Amino acid sequence: MAETVLDARALRKSFGAHLVLDDVDLAVEAGSIVGLLGPNGSGKSTLLNVLTGFLAADGGQVSLRGSSVGALPPSSIARLGLVRTFQLPRMPSRMSVREVLLAANRAQGGLFDALVGRPTDTARTDDLLEQLKLAPVADQPASAISGGQKKLLSIAAALANRPSVLCLDEPTAGVHPSLREHIVAMLKRANAGGVTLLIVEHDMGFVRNLCRRCVVLDRGKLIADCPPRELTEHPRVVEAYLGRKVARPVVEVPA
Amino acid sequence: MSEFALHVATIAALYAMLALSLNLQAGFAGLINFGQIALFGCGTYGAALAFSHALGPLAGFALGLVLVVLVALLFARLGRNLGADYWGIATLSIGEILRTIATNEIDITGGAQGIGGIPALFDTGSPLSGRLILFAVVLAALIATWFAFRRLTQSKFGLSLRLLREEPQLAAAFGYDLDGLRRRIMLAAALPAALSGFLFAHYLTFVGPDQLFASETFVIWTMVVVGGLGSHAGAVIGAIVVQCLFALVPFAKDAFGLPSEFVAAMRLVLIGGGLIGFLLLRPQGLIPERIGGVRG
């Protein structure tokens, strides 16, 4: 059994009277790939936001490699190695693709480094641009590339940050199948290199391909924790997605 | 005539430093500072207060630096809890509060009368050569500021500034400490602004609260917008263009036989008209920001 790298206990979050996370416990093992599923509005993105510090939880604890990160701002959590991507990657309009990738790796990016004119390592960025087939658009404004390329760029930028745990919010939603393969390959490579992945995703093919463990949220509660192949047999998952079987119609339809 | 040209060049270079400073904050880091003139005022009052306490210009410069560091840190601290637009309003009010203090703390600042008789920095016997040396010093300070800011913005640090400007949430997701960034930018931008104020005080030999009106902040804003937000060369050229136009106003008054109120009013018309004209017709300014210029 591998050690637990990310541990959330009894997380609660509500927006007004609406309880979005209801006592969620989630332990993620180092080196694993965990799929986080659930119908729309079940609390998946909120869970990612709470884990990475972008939203403050109303209750519960989050710890990363044993130390509590619940009260830290998102930038500190990212520096500790828990990095995330966004569902709709927003990219700056007055920075090039290359500049975003350069900025993603904070090493030697300080005020002092700048004043003494310390050169930055650009070889890795160039390699990465080639690998991702983003080299032709490297000097375009980052907001001007396609939606799929933005997803690719945002994941590559997150990985350039050298995370230990990477949380991905729908990494392949709305992405062309050929780019999707790139993203899957990149994530597999990252995981082989030791990065733990927690992925919010709707695409079952993608989940079966990558994850060996899935957790399912429904209305803020964790209702399943199993390998992906067991999902279709899991009664509560089926109910969450398709609704409950009823003995007779709730509404009588007049003949 | 050559003395007048030297005067215009000195003032233009002093304002160019203020424009570079505002451009680093607003153009690169997206910090919409409407209290820029307060940073300048730290420099002018540093020089004036040292003089009124019979201390030398070195002490005045040091006092200006201490004041400006405190004001810059106060600005940055406010940015922690306020959105960009509200922060702009807060900086405007801090600028006004500091000006009001300068107007009313008569025992310390001389009140509305200000502090006069501040000696020229370079006393060479002839006023003209002293002013020439001061101009050379101002020019050197301007070039040093330009060079240092260029270094900052061409580096990875500069990329983090632009990320803060465009997508602060992404910057946080990359692990950038936004409060720390804001603090560093404010400090880096504040130093040349205070230096400009210090040199201005010794050049004009008079410091008063009227130099710190909010409308002066918008003179600097016009320079940056005309030149091009996010372009160092633009900020300097904007400062030169606006100061040259200001210098031409009295000649236009004489040529058309207009009353002397025309001069002050025309300055405001030029600022307002220049701002609106450029924002509507050429928002990128005379020299637009370069995208993709940082290659490592």
Side-chain angles (χ1 to χ4, degrees), chain A residues 52-54 73-86 89-126 138-144 154 157-158 160-163 167, chain B residues 24 27-30 76 80-81 144-145 147-189 191 228-231 283-285 288-296:
Chain A
T52 52
F54 280 83
S75 57
S76 305
I77 294 177
R79 281 202 295 279
L80 289 172
L82 176 54
V83 174
R84 68 163 303 170
T85 65
F86 295 92
R90 289 166 51 111
M91 285 292 160
S93 58
R94 286 187 286 161
M95 288 173 79
S96 69
V97 170
R98 183 198 309 275
E99 287 175 328
V100 170
L101 264 187
L102 272 172
N105 181 349
R106 287 183 327 279
Q108 304 194 324
L111 178 70
F112 183 72
D113 296 315
L115 281 177
V116 299
R118 192 165 288 165
T120 47
D121 173 21
T122 55
R124 263 190 75 223
T125 306
D126 289 333
D139 295 313
Q140 303 266 326
S143 62
S154 70
N161 230 307
R162 300 173 187 275
C167 298
Chain B
L24 184 71
F28 285 95
R80 281 174 75 161
N81 307 336
T145 305
F147 180 77
F149 282 8
R150 222 184 92 89
R151 267 224 148 143
L152 286 188
T153 56
Q154 287 288 314
S155 68
K156 277 178 85 170
F157 179 73
L159 292 181
S160 63
L161 299 190
R162 290 199 263 156
L163 211 53
L164 172 69
R165 172 188 76 188
E166 307 234 340
E167 296 294 344
Q169 213 174 38
L170 190 60
F174 285 171
Y176 286 106
D177 165 19
L178 305 188
D179 298 333
L181 267 181
R182 237 177 253 123
R183 204 161 48 233
R184 283 182 209 118
I185 299 152
M186 283 311 299
L187 285 175
L191 297 183
L229 276 159
S231 150
Q284 71 275 39
E289 178 183 9
R290 246 182 93 208
I291 296 168
V294 180
R295 307 183 70 89

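What you see is a predicted model, and the numbers here were worked out from it, not measured in a lab. Order of the sequence lines sets the chain letters (A, B, ...), proteins ahead of strands, with each chain counted from 1.
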Using modelled atom types only, decide if a donor and an acceptor are shared between the side chain of B:E166 and the backbone of A:R94 within a distance under 3.5 Å.
-> yes
d(B:F157 CZ, A:L111 CG) to nearest 0.5 Å is 4.5 Å
Determine the minimum heavy-atom distance between A:A114 and B:L152, stating which atoms define it.
-> CB-CD2, 3.8 Å
Honestly, the part of A:T125 sitting under 4.5 Å from a heavy atom of chain B is neither
Side chain to side chain contact (heavy atoms under 4.5 Å, CB included) between B:L170 and A:R90, worked out | CA-CA 8 Å; B:L170 190 60; A:R90 289 166 51 111; over 6 Å; no
Flag if over 12 foreign heavy atoms under 6.0 Å of CZ, A:R162 = no
With chain B, which of A:A103, A:S96, A:G110 has the greatest number of heavy-atom pairs at distances under 4.5 Å?
-> A:A103
Turns out that what part of B:R165 lies under 4.5 Å from chain A's heavy atoms comes down to side chain
d(B:I291 CD1, A:E99 CD) to nearest 0.5 Å is 8.5 Å
So, A:R106 side chain and B:Y176 main chain: donor-acceptor pair closer than 3.5 Å or not?
-> no
dist A:L102:CG -> B:S155:OG (nearest 0.5 Å) comes out at 10.5 Å
Checking heavy atoms, do the side chain of A:D113, its backbone, both or neither come under 4.5 Å from chain B?
-> neither
Picking from B:R162, B:R184, B:E289, which has the most non-hydrogen pairs under 4.5 angstrom with chain A?
-> B:R162
Identify the two heavy atoms, one from A:A78 and one from B:A173, that lie closest to each other, and give their separation to 0.1 Å.
-> CB-O, 3.4 Å
Shortest non-hydrogen pair, A:P92 vs B:L163, comes out as CG-CD1, 4.1 Å
What part of A:N105 lies closer than 4.5 angstrom to a heavy atom of chain B: side chain, backbone, both or neither?
-> both
Under 4.5 Å heavy-atom distance to chain B, tell me which part of A:F86 shows up: side chain, backbone, both or neither.
-> side chain
Roughly how far, to the nearest 0.5 Å, is the CG atom of B:L161 from the CE atom of A:M95?
-> 9.5 Å
